[in-house]
Amino acid sequence: MSTVFAQRIADFLNAYEPFNFLPYEDLVKIAATVRVLTLEKNKSLFQINDALHDSFYVVASGSIHLMVVSDADDLLLNKCFAGDIFGLRPFFAKNNYQMTAKAKEDCIVYAVPIATFKPYVSKNQEVLNFLLESFATNSKNQADKQAKGLISDTVAFNENQSDLLYFQALSYNRNPLRVGSSTSIRDVAQLMTDNLFDNAIVTDQSYPIGIVTDSDFRAKIATGRIPASAAIATLMNAPVPTVNENISVAEAQLVMLKQGVTHLCVTLDGTDKSEVKGVISEHDLVVAQANNPGVLVKEIKKATTAKELKIVRNKLTEIIQSSLNRTIPLTHISSIAGEITLAIVKRAIELAILELGSPPARYAWLCIGSQGRKEQLLASDQDSILIFEDVPADKYRETKDYFIRLAKKVTLTLENVGFKSCPNQHMASNILWCKSLTDWVKQYNNWMNTPGEKSNEISSIFFDYELAIGEQKIEDSITETLFKNTKNNVLFFDYLGNDALHKPQALNFFKKLNTEEDGEQKGKFDIKNRGIMPLVDGARLFAMSNTVKGINGTYQRFKHLAIVDPKHAEIYLNCANAYIELIRFRTIEGLKNDTDGQYLDLNEINKIDREKLKNALGPMRELEELIKDTFQLTQFS
């Protein structure tokens with residue numbers, strides 16, 4: 001291929017992921033090996049059960065449909081347009097194609113040789129992660145009955161996309177077949193057949209010294225190169241690649257690519273000098289992609305029922321559990337969970353609109369409270385408001401009726417997903433919290449300028465919100481109203497300050513944990529109201545008084561306050577760390593007992609953890625004193 005033509009292909013590839021992660025000079029080298037294919041309309045590039053090609057493909061022009069057969073009909077999984085990649089199975093699996101790639105119109109396709117591209121993948125994490133997610137998205141995983149064949153959208157998270165593959169749980173065979181080095185090949189083959197395994201670990205005193213797989217039997221035994229009566233040591237691959245028990249999907253995939261193997265041996269300390277704990281296969285990695293956070297968002301976008309959305313929410317719970325086990329930072333876990341929760345809410349609204357028809361006016365659906373702060377790791381209450389643009393007076397009732405009906409459908413869907421209705425009815429389905437922008441501006445003005453007059457209506461959760469779907473300008477108008485009213489508003493901060501201080505105390509005079517004195521939760525510790533909420537309220541109070549915009553999360557607010565108010569930085573940082581520790585306690589409790597984690601049974605907490613809990617509650621006293629010193633707490637005291 002001429003240099004000029006290779007540069008043209010490189011220029012094209014450079015406009016799309018993952019090629020734009022590579023240096024241009026590398027792209028030119030890759031482009032020089034690319035084959036240009038023309039595909040007529042309705043012609044297939046590959047079909048289900050075809051042998052794997054030596055290349056993967058990029059659409060240069062036209063469109064390619066990826067399909068599988070379902071109930072004797074072709075089921076469309078995905079549509080690929082210019083810049084989209086497909087046909088990645090040769091990268092990650094050895095079995096034949098599981099789908100058909102057919103031209104919807106006359107197409108030009110670039111065939112990128114895998115042998116050429118693989119070295120760049122093994123040394124570039126961003127490229128690897130992109131290919132892994134793309135393969136998972138376009139893979140019809142028969143082992144996972146919930147796999148739907150998902151569309152390829154770009155998924156945007158607040159955290160780096162390259163981190164996502166460190167979250168999903170990696171399930172693998174934790175009871176592998178172990179054989180001694182002197183065992184005959186024939187006996188090992190029989191054991192593998194009887195146990196339905198495609199591999200066996202050869203061990204010496206429980207340590208791995210080699211591995212054999214189905215492909216070794218095909219390549220060396222079926223061809224007569226090694227007799228079946230020989231010892232398995234003559235067939236095994238040695239040394240065996242070993243990894244530790246906590247390896248992530250991305251890390252495992254990278255090891256496989258670098259070493260050119262299809263199986264990894266899991267050992268106690270990750271070396272071949274410790275006990276065998278399991279085997280990871282390529283298939284295990286493919287299955288794990290079903291729980292990739294990016295893939296979950298794509299599943300949400302494809303969901304058509306509350307049942308399908310609930311399946312995704314359950315998978316999110318698995319991600320949270322596995323991430324805690326791997327000691328992933330809780331701030332990172334919370335960010336991912338927040339984005340997925342928002343995506344579920346957005347999809348519930350879209351499904352309601354599909355049923356009711358297009359909205360009669362522009363609107364904004366705001367998640368408030370913990371969802372608005374993106375702090376809802378466990379599926380607890382749903383809190384929301386709906387704001388629609390101002391409409392003529394004669395259209396107001398009709399417009400509001402539509403949005404009330406919409407909100408009722410959405411809240412019912414979310415209930416079926418697992419998000420309980422707010423006991424205080426702080427939901428968009430409540431006529432009080434579904435109204436026009438002008439009415440909402442009046443509402444916030446009243447709350448902030450006369451906070452004590454209708455105290456039964458005001459709730460601090462209305463000051464934490466995040467746009468789930470709708471017009472950003474409408475949310476911006478509310479934000480502008482809020483911060484306009486904070487200027488010199490002593491009365492409002494008096495109200496908020498007292499509200500923050502009027503939570504039940506966590507520790508008594510003797511520094512012991514205060515537990516519930518009666519009711520169903522008698523003897524348990526209310527970590528939400530006694531621990532977490534005072535920190536949430538304090539962070540909000542100081543964020544609003546310091547005009548901190550666009551930062552809703554409690555941890556992030558405290559971290560930012562330490563910068564803008566360095567005089568009290570130590571207090572803010574202590575509160576940030578305390579918040580994370582308390583959230584960890586609540587999340588572990590909720591996952592353990594399938595609850596919202598609000599009440600801790602102190603009898604189930606060991607002495608060390610109980611001290612950690614007390615220490616996490618310590619900074620609250622400093623925060624309370626700072627609130628009292630900063631604000632004139634008089635009228636509402």
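Side chains are part of it too, since the values below use all heavy atoms of this structure and drop only hydrogens, waters and symmetry mates. Numbers here are sequence positions counted from 1.
Considering only heavy atoms from C-beta on, Ser429 stays 4.5 Å or farther from Ile404 through its side chain. Residues Asn449 and Leu491 are not in side-chain contact: their nearest non-hydrogen atoms beyond the backbone lie 4.5 Å or more apart. Within the 4.5 Å cutoff, the side chain of Leu324 has heavy atoms near those of the Ile320 side chain. Two residues are said to be in side-chain contact when any heavy atoms from C-beta on lie closer than 4.5 Å; Ser460 and Arg540 meet this criterion. Taking the side chain as every heavy atom from C-beta outward, Ile527 and Leu613 approach each other to under 4.5 Å. Side chains of His426 and Ile461 form a contact here, defined as non-hydrogen atoms less than 4.5 Å apart. The closest side-chain heavy-atom distance from Leu268 to Asn244 is not below 4.5 Å. Looking at Ser380 and Phe419, their side chains never come closer than 4.5 Å, going by heavy atoms from C-beta outward.
Closest approach of Leu342 to Cys367, counting heavy atoms only: CD2-SG, 3.7 Å. Contact between Glu415 and Ser421 at its shortest, heavy atoms only, is OE2-OG, 2.9 Å. Residues Val417 and Ile344 come closest through the heavy atom pair CG1-CG2, 4.2 Å. Between Lys409 and Ala352, the shortest heavy-atom distance links the atoms CB-CB, 4.0 Å. For Asp537 against Ala500, the heavy-atom pair with the smallest separation is CB-CB, 3.7 Å. Counting all heavy atoms, side chain and backbone alike, Leu330 lies closest to Ile583 at CD2-CG2, 3.4 Å.
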(Q) For Tyr444 and Leu482: C-alpha separation, side-chain torsions, deciding distance, then whether side chain to side chain contact (heavy atoms under 4.5 Å, CB included) applies. (A) CA-CA 7 Å; Tyr444 276 102; Leu482 257 62; 3.3 Å; yes

Q | Residues Arg621, Gln505; criterion side chain to side chain contact (heavy atoms under 4.5 Å, CB included); working and verdict | A | CA-CA 10 Å; Arg621 185 58 59 88; Gln505 290 294 309; 4.1 Å; yes

(Q) Run the side chain to side chain contact (heavy atoms under 4.5 Å, CB included) test on Lys420 and Asp596 for me, step by step, so that the C-alpha distance in whole Å, both residues' side-chain angles and the decisive distance to 0.1 Å come before the verdict. (A) CA-CA 10 Å; Lys420 296 178 293 185; Asp596 63 5; 4.1 Å; yes

Q: Could you please spell out the steps behind the side chain to side chain contact (heavy atoms under 4.5 Å, CB included) verdict for Phe388 and Leu406?
A: CA-CA 12 Å; Phe388 54 87; Leu406 175 76; over 6 Å; no

Q: Decide side-chain hydrogen bond (donor to acceptor under 3.5 Å, both in side chains) for Thr479 and Tyr465; before the verdict, give the C-alpha distance in whole Å, the side-chain angles of both, and the deciding distance to 0.1 Å.
A: CA-CA 10 Å; Thr479 302; Tyr465 51 79; 2.6 Å; yes

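A salt bridge links Lys315 with Glu299: the closest approach of a Lys/Arg side-chain nitrogen to an acidic carboxylate oxygen falls below 4.0 angstrom. The residues Arg530 and Glu516 are annotated as salt-bridged, a charged nitrogen and a carboxylate oxygen being separated by less than 4.0 angstrom. Using a cutoff of 4.0 Å between basic side-chain nitrogens and carboxylate oxygens, Asp476 and Lys473 are not scored as salt-bridged. A salt bridge links Arg557 to Asp464: one of the charged nitrogens lies within less than 4.0 Å of a carboxylate oxygen.
Between atom CD of residue Glu622 and atom NE2 of residue His568 there is a gap of 10.5 Å, rounded to the nearest 0.5 Å. With rounding to the nearest 0.5 Å, the separation of CD1 in Ile478 from CD1 in Ile387 is 4.0 Å. In this structure, Arg584 CZ and Leu377 CG are separated by 10.0 Å, a value rounded to the nearest 0.5 Å. How far NZ of Lys374 is from CD1 of Ile340: 11.5 Å, rounded to the nearest 0.5 Å. The distance from atom CD1 of Ile571 to atom CG of Leu626, rounded to the nearest 0.5 Å, is 5.0 Å. Within the model, atoms CD of Gln556 and CG of Leu561 stand 11.5 Å from one another, a figure rounded to the nearest 0.5 Å.
In this structure, a donor-acceptor pair under 3.5 Å is present between the side chains of Asp565 and Tyr572. Side chain to side chain, Asp526 and Gln598 meet the donor-acceptor criterion of an N or O pair below 3.5 Å. Looking only at atom types and distance, the side chain of Asn593 has no donor-acceptor partner in the side chain of Thr595 under 3.5 Å away. Donor-acceptor pairing under 3.5 Å is lacking for the side chains of Thr341 and Gln376. For the residue pair Gln321 and Glu318, no side-chain donor N or O sits within less than 3.5 Å of a side-chain acceptor on the partner.
Looking at Ser274, its side chain does come within 3.5 Å of a backbone N or O of Asp269 through a donor-acceptor pair. Lys503 contributes a side-chain N or O that, together with a main-chain N or O of Asp499, makes up a donor-acceptor pair within less than 3.5 Å. A donor-acceptor distance shorter than 3.5 angstrom exists from the side chain of Asn445 to the backbone of Val441, with no hydrogens or angles considered. Looking at Ser545, its side chain does come within 3.5 Å of a backbone N or O of Leu541 through a donor-acceptor pair. Looking only at distances, no side-chain donor or acceptor of Thr267 sits under 3.5 Å from a matching main-chain atom of Thr242. The closest donor-acceptor contact from the side chain of Asn175 to the backbone of Gly278 lies at 3.5 Å or more, if one exists at all. In this structure a side-chain-to-backbone donor-acceptor pair under 3.5 Å is present from Arg610 to Leu602. Judged by distance alone, the side chain of Lys435 and the main-chain N or O of Leu432 form a donor-acceptor pair under 3.5 Å. Put simply, the side chain of Arg586 never gets that close to the backbone of Lys528: no donor and acceptor are under 3.5 Å apart. Side-chain N or O atoms of Asn489 include one that pairs as donor or acceptor with a backbone N or O of Met448 at under 3.5 Å.
Not less than 6.0 angstrom separates the ring centroid of Phe493 from the ring centroid of Phe542. For Phe403 and Tyr363, the ring centers sit closer than 6.0 Å to each other.
For Lys592, the salt bridge (charged side-chain N to carboxylate O under 4.0 Å, His left out) partners are Glu589, Glu604, not counting sequence neighbours.
Phe462 and Trp433 have tilted rings, their planes meeting at an angle from 30° to 60° on a 0 to 90° scale.
Within a 6.0 Å radius of CG in Asn488, no more than 12 heavy atoms belonging to other residues, nucleotides or ligands are found. The neighbour count for Asn606 CG, taken as heavy atoms of other residues, nucleotides or ligands under 6.0 Å away, is above 12. More than 12 non-hydrogen atoms from other residues, nucleotides or ligands lie less than 6.0 angstrom from CG of Asn508. Under a cut-off of 6.0 angstrom, the local environment of CD in Glu520 is sparse, with at most 12 non-hydrogen atoms contributed by other residues, nucleotides or ligands.
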Table please: side-chain donor-acceptor pairs of residues 573-582 below 3.5 Å, with sequence neighbours left out.
{"residue": "Asn574", "atom": "ND2", "partner": "Glu570", "partner atom": "O", "Å": "3.2"}
{"residue": "Asn577", "atom": "ND2", "partner": "Leu573", "partner atom": "O", "Å": "3.3"}
{"residue": "Tyr579", "atom": "OH", "partner": "Glu375", "partner atom": "OE1", "Å": "2.9"}
{"residue": "Tyr579", "atom": "OH", "partner": "Glu375", "partner atom": "OE2", "Å": "3.3"}

